[in-house]
**Q** 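Have a look at this one before I ask anything.
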Amino acid sequence: MQTRAEHWERLNGRFDLLIIGGGITGAGVARDAARRGLRVALVEAKDLAHGTSSRSSKLVHGGLRYLEQMALGLVFESVNERRVLQRIAPHLVRPLGFLFPVFDGASNPLWKINAGLFVYDALSLFRSPKLARRLNRAGVLAEEPMLRAQGLHGAPLYWDCATDDARLTLETALDAAAHGAVIATGARVTGLLRDAKGTVSGARVCDVRSGDTRDIDASVVVSATGPYTDALRRAAYGQTTTPMLRPTKGVHIVFDALRLPVRHAVVLRHPVDGRVLFAIPWGPQTYVGTTDTDYEGDADHVAADAADVDYILDATNHYFPGRDLTVQDVVSTWAGLRPLIAPPPSDGTLSASAVSREHQLTVEPDGLVTIAGGKLTTYRRMAAEVVEAAIGVWEDRGGDARRLRPAGTAEEPLPGGEQWPGEAGVETFIDATAAISGLPRDVAAELVRTYGGRATEVASLALSDPTAGTRLHPDRPEILAMVDWAVREELAHEVADVLIRRTQVFYRAKDQGLHAVNAVSARMGALLGWTEAEREASAEAYRAEVRLHRDGWAQPQEA
């Protein structure tokens, strides 16, 4: 069992390592440290992947465009980590073709992009998921017939990967828990603890549901708080502390694939400012993004506004001129903050897109370890670097590194990656899951795509409880068994946890899951012992989340 309540009850005693933040970096640190044999606790104020880590472009890629910035080290690290993630999470990190069309007036001619692609493949030691191809104009239009033909020269077709960022974060945290880590969600840090010498020695943590407060002692505290990094540092060191971050907002919008059909991720340069965007196939949907604008607002209320949606629509209609897409075609949006490292004052005129995607690791004199910046693709290597730094602090405080073991995070699969049949065996696995459970094939396919090798475990819930096979939404394949699994095994404790991050109903259903709210809240209430007031509060919090992500550009929907 992996229930939130059980982990909260285990949040006591003294830990070797306390991690603040349940995004992909914090989860990666927890997994690495727990596998080495450290006693680990992770606390997250809301839910795993609540912020940036569920609101990315959902790509595991080397960043071909980073070659323009001569960030060769970042690209080399990224393309090699892409291969590692394919190995440990093959069910979540899947090959995806990228088409980089070149048009009249492009800042980089086709020959130069093709040369860059050779360097890109070379940095991956020619181990990309598939071999790249160079396409002429006719070849590009054969691959993407909806793409603008006017002024088109050609394009390279190369391969990176797509992923479910929220589930990659979740499974990383669950693997940490399987190796002894305490993963406490809904656990807000209200302050750092210090010993008589002023050394950081833990944190005061509050259960956001019950109000229960505990002091958690730890030899080392790691801040992996993403966009909240500077807020924690100001609380620890005062309001005049120099900011580490330059946060930028990234927005994506979702269309039905019938309105915007693409076979590959199409790399686009915005016709106004030249920024790179992607149009990415997503099963029955296509999403397009992202924006990249400086952000100074409330990190808890980041959402798309009309200007963001119009910006993306302008680019989409420019490159897919026959689609005539409007706001009415937008199914959903998401917006997240990139916790980019602030450039030095001498570079203060850099555009948001030009700010480095590298990460920064600091160890303060009082022992606080902070990790900020970086990319989804390189989270595992970042985590290992953080753990090495934390072990140094831990040893200074009496820890014995001789008892530790190798983490093995590059070899050992994440939970859903175990017993994965490989791409060649996926269809057979879906058929077997449907046959064993009696569920419709589209439901079985959704379980396999979501849970990988654990799909049959979730499907089996429908055998013991026929109601578990009930769909959450008449137009979607998600079922109540997924709610049960999310609560019992995946730390879900709010309706939003299930509909946004354990499943993707929030993004994919035409009503963004409002139809499912009452059924999901009732199911969760029964499992978690909620009062009627608690059930309605969680349901209303989800409705408010839908409104937040629609009110800036569209009329709110009704339940």
Side-chain angles (χ1 to χ4, degrees), residues 55-65 94-103 106 108 110 113 117 129 132-133 135 137 139-165 249-293 304 307-336 353 376 504 507-508 553:
R55 308 183 197 191
S56 72
S57 293
K58 306 185 188 303
L59 300 177
V60 171
H61 67 128
L64 178 61
R65 65 192 180 92
R94 301 187 180 103
L96 176 65
F98 283 68
L99 198 68
F100 201 141
V102 177
F103 293 87
N108 291 314
L110 185 58
I113 292 177
L117 182 59
R133 295 159 53 198
L135 305 179
R137 181 179 184 274
V140 173
L141 295 176
E143 293 288 343
E144 296 292 348
M146 296 295 108
L147 188 64
R148 184 183 190 90
Q150 182 181 355
L152 177 64
H153 292 197
L157 173 60
Y158 65 98
W159 293 82
D160 268 316
C161 293
T163 192
D164 179 338
D165 50 3
K249 182 172 76 166
V251 171
H252 297 78
I253 63 178
V254 181
F255 304 100
D256 279 336
L258 291 175
R259 290 293 291 125
L260 184 62
V262 293
R263 296 177 57 195
H264 310 284
V266 183
V267 185
L268 312 171
R269 286 196 179 272
H270 199 283
V272 174
D273 60 14
R275 274 211 69 257
V276 171
L277 298 93
F278 299 94
I280 299 175
W282 204 30
Q285 276 92 26
T286 299
Y287 63 91
V288 184
T290 173
T291 63
D292 198 359
T293 54
D308 296 321
V309 172
D310 288 345
Y311 176 89
I312 296 174
L313 281 171
D314 288 346
T316 307
N317 284 321
H318 177 81
Y319 287 104
F320 300 94
R323 298 291 87 193
D324 297 322
L325 296 161
T326 70
V327 169
Q328 283 67 43
D329 292 303
V330 178
V331 176
S332 62
T333 68
W334 71 83
S353 298
L376 173 68
Q504 297 173 337
Y507 304 109
R508 293 182 176 275
W553 56 272

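All heavy atoms count here, side chains included; hydrogens, waters and symmetry mates do not. Along the sequence shown, residues carry numbers from 1.
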**Q** From T316 OG1 over to D324 CG, what is the distance, rounded to the nearest 0.5 angstrom?
**A** 12.0 Å
**Q** What heavy-atom pair brings Y287 and S57 nearest, and what distance separates the two atoms?
**A** OH-O, 2.7 Å
**Q** As a quick check of understanding, evaluate side-chain contact (heavy atoms from CB on, under 4.5 Å) for D308 and W553, giving each step before the final call.
**A** CA-CA 9 Å; D308 296 321; W553 56 272; over 6 Å; no
**Q** Which atoms form the tightest heavy-atom contact between E144 and P261, and what is the distance?
**A** OE1-O, 4.1 Å
**Q** Of all heavy-atom pairs between P284 and R508, which one has the smallest distance, and what is that distance?
**A** CD-NH1, 3.6 Å
**Q** Look at the rings of F98 and Y158 and say which category their plane angle falls in: under 30° parallel, 30 to 60° tilted, over 60° perpendicular.
**A**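 Rings of F98 and Y158: parallel, as their planes differ by under 30°.
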**Q** Should the pair H252 and W334 be assigned to parallel (<30°), tilted (30 to 60°) or perpendicular (>60°) ring geometry?
**A**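 Answer is parallel, since the angle falls under 30°.
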**Q** L268 vs F278, test: side-chain contact (heavy atoms from CB on, under 4.5 Å). Steps then yes/no.
**A** CA-CA 6 Å; L268 312 171; F278 299 94; over 6 Å; no
**Q** Less than 4.5 Å apart, side chain to side chain, heavy atoms only: is that true for L152 and P101?
**A** yes
**Q** Does the Y319 side chain pair with the main chain of V267, one donor and one acceptor, at a distance under 3.5 Å?
**A** no
**Q** Just to verify, which of L59, V60, L96 counts as forming a side chain to side chain contact (heavy atoms under 4.5 Å, CB included) with C161?
**A** V60
**Q** For D329, is there an ion pair with R323 - N to carboxylate O distance below 4.0 angstrom?
**A** no
**Q** Could you measure the distance from the OG atom of S56 to the CG atom of L376? Nearest 0.5 Å is fine.
**A** 5.0 Å
**Q** Quick check for you: to the nearest 0.5 Å, what is the distance between L141 atom CG and R148 atom CZ?
**A**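 Here the interatomic distance stands at 12.0 Å.
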**Q** So, taking the atom named NE2 in H61 and the one named OG1 in T163, what distance separates them when rounded to the nearest 0.5 Å?
**A** 11.5 Å
**Q** Measuring from atom CZ of F103 to atom CG of L110, what distance do you get when rounded to the nearest 0.5 angstrom?
**A**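 Those atoms lie 11.5 Å apart.
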**Q** So, applying side chain to side chain donor-acceptor pair (under 3.5 Å) with D164, which one of R94, K58, Q504 is it?
**A** Q504
**Q** To the nearest 0.5 Å, tell me how far R275 CZ sits from Y311 OH.
**A** 5.0 Å
**Q** Got a donor-acceptor contact below 3.5 angstrom from the T290 side chain to the V251 backbone?
**A** yes
**Q** Show the nearest heavy-atom pair for residues I280 and A265, with the distance to one decimal.
**A**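 I280 and A265 have their closest heavy atoms at CG1-CB, 4.1 Å.
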**Q** So, does T291 use its side chain to make a donor-acceptor pair with the main chain of K249 at under 3.5 Å?
**A** yes
**Q** If I compare all heavy atoms of A304 with all of A335, which pair ends up nearest, and what's the gap?
**A**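 Looking at all heavy atoms of both residues, the shortest contact is N-CB, 3.8 Å.
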**Q** Under 4.5 Å between any side-chain heavy atoms of H270 and L277, yes or no?
**A**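 When only atoms from C-beta onward are counted, L277 and H270 do touch, with a gap below 4.5 Å.
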**Q** Quick one, F320 and L147 - any side-chain contact, counting heavy atoms below 4.5 Å?
**A** yes
**Q** Between L99 and V262, is there a side-chain heavy-atom distance shorter than 4.5 Å?
**A**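 Of all side-chain heavy-atom pairs linking L99 with V262, none is under 4.5 Å.
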